[in-house]
Amino acid sequence: MQPTLPRLSRELLHSGFSFPECVRYSPPPPNLPERVLQFGEGNFLRGFVDWMIHRLNSAGLFGGRVVVVQPIPQGLARRINEQDGLYTLLLRGVERGKRVDHREIITSISRALDPHTEFDEFLQCAGDPNLRVIISNTTEAGIVFRPEDKAEDRPPASFPGKLTRFLYERFTRLGGAAAPGFIILPCELIEKNGRNLKQAVLQTARNWKLSDTFAAWLEASNEFATTLVDRIVTGYPKDEASDLARQHGYEDSLLVAGEPFHFWAIEASAAVARMLPFDKAGLNVVVAEDITPYRDRKVRILNGGHTMMVPAGFLMGHNTVGECMGDPLVRGFLEGGLHLEIIPTLNLPQEDTRQFASAVLERFSNPFVQHQLLSITLNSVSKFNARVLPSIREYSARFGKVPARLAFSFAALIAFYRGTEMRDGALLGRREDETYPIVDDAEVLQIFRSLWASTADAQAISERVLAQQRFWGEDTNGIAGLTSAVADHLGAILQVGPRAAMERLLATAG
């Protein structure tokens, strides 16, 4: 019978518990004030932002802790408090060609609050002048104005509602227009997240008929920064939890796993860099006036790499990104697409983008991340439009020819959407002797279903798909040479199969 292991907590640390060599623990400086309010207690923020605050504290560059707010009634606040805000972060993967297995106790969280049951305690935080940073990750749907929110709700249902109520409490408790404001860093994965959150807060304030003085304070004393975050955080490693507990010598229900790579771009003033000097702690964080180039880099290289590779890789019989990276043919296709067709279209230093692409290839090869291809194919038409088509357009404009690998990826996308039967809201495609679900907007699926039911001619299918302004915002047959290239690749995929078609492509592509 296995002995009962202790639970990670402050009491365990005070008992003189000795951590094994594989786990790093550094006692935090004593009596650090709460300087960050964080909406969201999930895996990503704990594996990304809270780790960064921990690193700042360890380097003596911040001197503050995080009070976490649970945004919805169901969450981890109780469990976080049971462990006194402590948890283990496990970062594993490959970095610069070396295998990484880094385990550390994160000590940056002071406590967690559930505003649904501790609303007064939540508002009390607004009166603390030490609190100067607000961070959020409440899902992409969280930054939405809800007219049904009321100022007297305890709490308002939406995140912008909760934030508006908190900011108004700050305004009234600490002197109105003289109250110190916040640096607000939303991490939700939507474009211009800071601007959208600010608009939702101002709209909520108008809806509640709060004073013009408060609105002016929101504008003048608070900085809503737009951010771009990048790290794969896989969460609680359920299948390994028992083994990890035995290795560590303690139970940790909040253990979170992720990849070593991290990047955070923050579109804000220099004041943010002064308050949060992440770069001085050796963290891959950029504070700039315009982060559009970094967004383009991530969307076009990381996300675009996924989108160009996945349909072809799946049709060739692979099920995970790791399997694709283990196939020399698919990996060569991806590497050529990144270095020869995507990177030349970006307005960033080529060496920086090549280093980023090399890191992406390492991340895709991470043996600890089993990223299912079918999960990546969700809504692939809109993803292709946002992630790959801009590179096709720009390459064609700059070099006067069609990028061969990206055109092949367009053909593979069309082939992936080959299906004529609907089931449970998905269009069924066929790979060898098995069916697979194609999940997308209902109108997109119906268009592909009708097209494939009407003809199997590669030229006709290609012309009709490329003409769909509903998909691409334009008739992409107008991009010189694209239609014939896509039709040629699609015909090869249908006639000889995706592997032989890709082999032919790489044998002839420049």
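Numbering of residues begins at 1 and proceeds along the displayed sequence.
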Exercise for the section: Count the heavy atoms belonging to other residues, nucleotides or ligands that lie under 6.0 Å from CZ of R431, then report whether that count exceeds 12. Expected result: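 Yes - once you tally the heavy atoms of other residues, nucleotides and ligands closer than 6.0 Å, there are more than 12.
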Handout entry: Atom CD of E434 with >12 non-hydrogen neighbours under 6.0 angstrom
Key = yes
Handout entry: V67 vs F122, side-chain contact (heavy atoms from CB on, under 4.5 Å): CA-CA, chis, key distance, verdict
Key = CA-CA 10 Å; V67 53; F122 165 66; over 6 Å; no
Regarding [X] and [Y], is there a side-chain donor-to-acceptor distance under 3.5 Å anywhere?
X    : Y    : value
S9   : E82  : no
T435 : R423 : no
Y250 : T88  : yes

Exercise for the section: Apply salt bridge (Lys or Arg N to Asp or Glu O under 4.0 Å) to the pair K162 and D149, showing each step before the final yes or no. Expected result: CA-CA 9 Å; K162 292 182 181 70; D149 279 346; over 6 Å; no
Do [X] and [Y] have side chains that get closer than 4.5 Å, going by heavy atoms?
X    : Y    : result
L302 : F261 : no
D243 : R246 : yes
F166 : V69  : no
R111 : N81  : yes

Handout entry: R297 charged N/C atom sitting above F356 aromatic ring, 6.0 Å / 45°
Key =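 The answer is yes, since R297 meets both limits relative to F356.
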Exercise for the section: State whether the side chain of Q83 and the backbone N or O of L86 hold a donor-acceptor pair below 3.5 Å, judged by distance alone. Expected result: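 Looks like yes, one N/O pair under 3.5 Å.
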Practice task
Check whether any side-chain N or O of R46 sits under 3.5 Å from a backbone N or O of Y87 as a donor-acceptor pair, and report yes or no.
Solution key: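 Not confirmed, R46 side chain does not pair with Y87 backbone.
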Handout entry: F171 versus A177, closest heavy-atom pair with distance
Key =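 Residues F171 and A177, closest heavy atoms: CE1-N, 3.5 Å.
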Exercise for the section: Measure across W208 and G161 and return the closest heavy-atom pair with its distance rounded to 0.1 Å. Expected result: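 Looks like CH2-O, 3.4 Å.
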